[in-house]
Number of protein chains: 2
Amino acid sequence: MPFTYLYPRAALTVDCVVFGFDEGALKVLLIRRGIEPFLNRWALPGGFVRPDETLDAAALRELQEETGLREVYLEQLYTFGEIHRDPRERVISVAYFALVRRTDHVPAASTDAADAAWFEAEKTPTLAFDHAEILKAALDRLRGKIRWQPVGFELLPKKFTLSQLQGLYEAILGRELDKRNFRKKLLALDLLVALEETTTAASRRPAQLFRFDQRKYQSLTRKGFIFDL
Amino acid sequence: MPFTYLYPRAALTVDCVVFGFDEGALKVLLIRRGIEPFLNRWALPGGFVRPDETLDAAALRELQEETGLREVYLEQLYTFGEIHRDPRERVISVAYFALVRRTDHVPAASTDAADAAWFEAEKTPTLAFDHAEILKAALDRLRGKIRWQPVGFELLPKKFTLSQLQGLYEAILGRELDKRNFRKKLLALDLLVALEETTTAASRRPAQLFRFDQRKYQSLTRKGFIFDL
DNA sequence: TCAAAAGTGTTCTTGATACACCCATGC
DNA sequence: GCATGGGTGTATCAAGAACACTTTTGA
């Protein structure tokens with residue numbers, strides 16, 4: 001019992017809201033808890049921050065340990081510090097949100113966690129702790145962010161069709177978009193590169209595949225360009 | 001020495017970036033440190049979170065104690081957790097940013113702090129800890145936020161002229177705006193109420209005073225309205 | 001009467017929206 | 001040959017940008 005302080009100290013955790021896009025819907029990755037409190041409840045992946053790692057590193061590590069995910073888009077979201085958000089003791093949680101390509105990763109592999117699964121982001125079961133609130137904050141952030149930062153591409157395969165991209169925006173923004181206007185606007189940005197490939201059709205016309213030109217976007221950004229879909 | 005844990009725990013602080021607007025420039029409120037480390041360096045107001053208060057409450061309390069400020073616009077900004085950001089031990093800081101009306105408050109009253117003063121936000125002296133980084137994050141947030149949320153009014157007197165408002169936007173966005181277009185757009189939003197008052201002139205034409213209609217804005221917001229200057 | 005800031009309209013350009021049909025493929 | 005999603009252009013409307021002079025006041 002070597003660590004002693006004059007005043008009580010809150011424990012520090014990170015929790016990750018991991019979004020994926022699949023079957024035309026925005027999904028979130030949840031872990032079924034194997035311990036009390038909230039035994040068997042679904043919760044966001046996360047855990048304690050170690051004394052020798054930064055917050056970002058802790059988020060990446062937990063993601064890796066609990067879901068097997070690596071090389072994902074990760075961004076700090078908000079810090080939740082209500083006094084009784086954890087019934088055991090005071091726990092401060094730094095929440096992150098992550099975007100992953102469903103195609104790149106095992107759907108729900110895990111080492112630590114008893115169980116992991118994808119749920120539609122707006123149709124989750126009752127969550128442990130204040131995780132419903134965290135999820136809501138993440139959804140708000142994603143919806144706000146996708147309109148002025150090209151983060152949507154993190155949710156799609158590296159090669160994607162314009163219809164897939166449009167479906168993604170429709171799912172996240174929650175409204176339908178006009179196909180011709182959407183294509184016109186996206187192509188006018190000149191940030192999509194048409195590949196010399198098409199989808200291999202399943203009883204329909206093959207679609208042009210594109211990739212997002214990250215390098216070009218970054219160089220434009222430095223010149224003050226703002227994405228603004 | 002009653003509080004003992006199996007693993008070391010980081011200390012938890014809040015730091016506040018307090019912005020004000022004065023003399024046509026964006027200012028930030030700094031405190032001169034009275035103790036080591038960084039003795040006599042300028043730093044953001046802040047301090048330790050108590051075991052029985054939320055993060056928001058801690059930020060409000062520190063603001064009150066160190067600067068005498070009350071009833072300010074306050075919003076959580078970002079949490080800084082680099083391992084050696086405090087040379088003494090591991091300290092996690094939840095940063096807040098605050099907007100205050102210079103006219104409402106004592107310029108630099110303080111109880112706790114040795115000394116407090118306003119500096120131009122982009123011309124501060126060298127700051128303690130990683131506070132320069134925190135300040136930069138706050139500036140970025142403010143510049144992003146002011147364009148799509150009516151937070152600028154928190155920095156002006158409750159009664160203000162359109163020229164003052166324009167000057168504020170110009171100072172924060174760092175570019176000049178066209179007077180006629182600015183006025184047209186702001187008035188078209190129909191969120192400014194013309195008061196039956198004007199400035200009492202100092203050798204020039206008196207200007208119409210306005211106030212921001214917070215109630216109307218909130219009711220529009222609920223209907224999906226987005227400010228977007 | 002001068003200095004200093006307040007106030008005011010129109011034109012042009014650009015981007016947003018609305019909208020309907022033909023195409024290529026696998027079965 | 002038919003079902004399925006892929007792909008394309010134009011006309012209208014709204015908002016943004018550019019731009020210069022008159023007004024009111026106190027000194």
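Reckoned from all heavy atoms, side chains included, excluding hydrogens, waters and symmetry mates. All values reported here derive from a predicted model rather than from experimental measurement. Every chain is numbered from 1 and lettered A, B, ... according to where its sequence line falls, protein lines coming before strand lines.
In this structure, A/Arg175 places its CZ atom 10 Å from P of C/dA18, rounding to the nearest Å. The CZ-C1' distance, from B/Phe182 to C/dG7, rounds to 14 Å in whole Å. One interatomic measurement links the two molecules: CG of B/Asp178 to C1' of C/dC12, which rounds to 14 Å at whole-angstrom precision. We find that CG of B/Asn181 is positioned 17 Å from P of C/dA6, with the value rounded to whole Å. To the nearest angstrom, C1' of C/dA20 lies 15 Å from CZ of A/Arg183. In this structure, the CG atom of B/Leu229 is 12 Å from the C1' atom of D/dG16, given to the nearest Å. If you measure from atom CG of B/Leu186 to atom C1' of C/dT8, you get 16 Å, rounded to the nearest angstrom. Protein atom CG of A/Leu187 is 14 Å distant from nucleotide atom C1' of D/dG9, rounded to whole Å.
Using a 4.0 Å heavy-atom cutoff across all strands shown, A/Ser163 reaches sugar-phosphate atoms only and no base atom.
Open room surrounds CD on B/Glu176; 12 or fewer heavy atoms of other groups in view lie less than 6.0 Å from it.
Judged by distance alone with a 3.5 Å cut-off, a donor-acceptor contact links the side chain of A/Arg180 to the base of C/dA20. Judged by distance alone with a 3.5 Å cut-off, no donor-acceptor contact links the side chain of A/Lys185 to the base of C/dT17.
Closest approach to the A/Arg204 side chain among D/dG5, D/dG7, C/dA18 is made by D/dG5 (side chain taken as heavy atoms from C-beta onward).
A salt bridge links B/Lys159 with B/Glu197; the closest basic N to acidic carboxylate O contact falls under 4.0 Å. Ion pairing between A/Glu122 and A/Arg143 holds under the 4.0 Å rule for side-chain N and carboxylate O. Of the charged side-chain nitrogens involved, none lies within less than 4.0 Å of a carboxylate oxygen, so that B/Arg85 and B/Glu133 do not count as a salt-bridged pair. Ionic pairing of B/Lys27 and B/Glu120 is not present here: no N-O contact between side-chain nitrogen and carboxylate oxygen is shorter than 4.0 angstrom.
Relative to the six-membered ring of A/Trp42, A/Arg33 misses at least one condition, a distance below 6.0 Å or an angle of at most 45° to the axis.
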Subject >> Full working for side chain to side chain contact (heavy atoms under 4.5 Å, CB included) between A/Leu189 and A/Phe225 >> reply: CA-CA 10 Å; A/Leu189 290 174; A/Phe225 168 82; 4.1 Å; yes
Identify the pairs formed between an N or O of the protein and an N or O of nucleotides 21-23 of chain D at a distance under 3.5 Å, and give each distance.
{"from": "D/dT23", "atom 1": "O2", "to": "B/Arg205", "atom 2": "NH1", "distance (Å)": "2.9"}

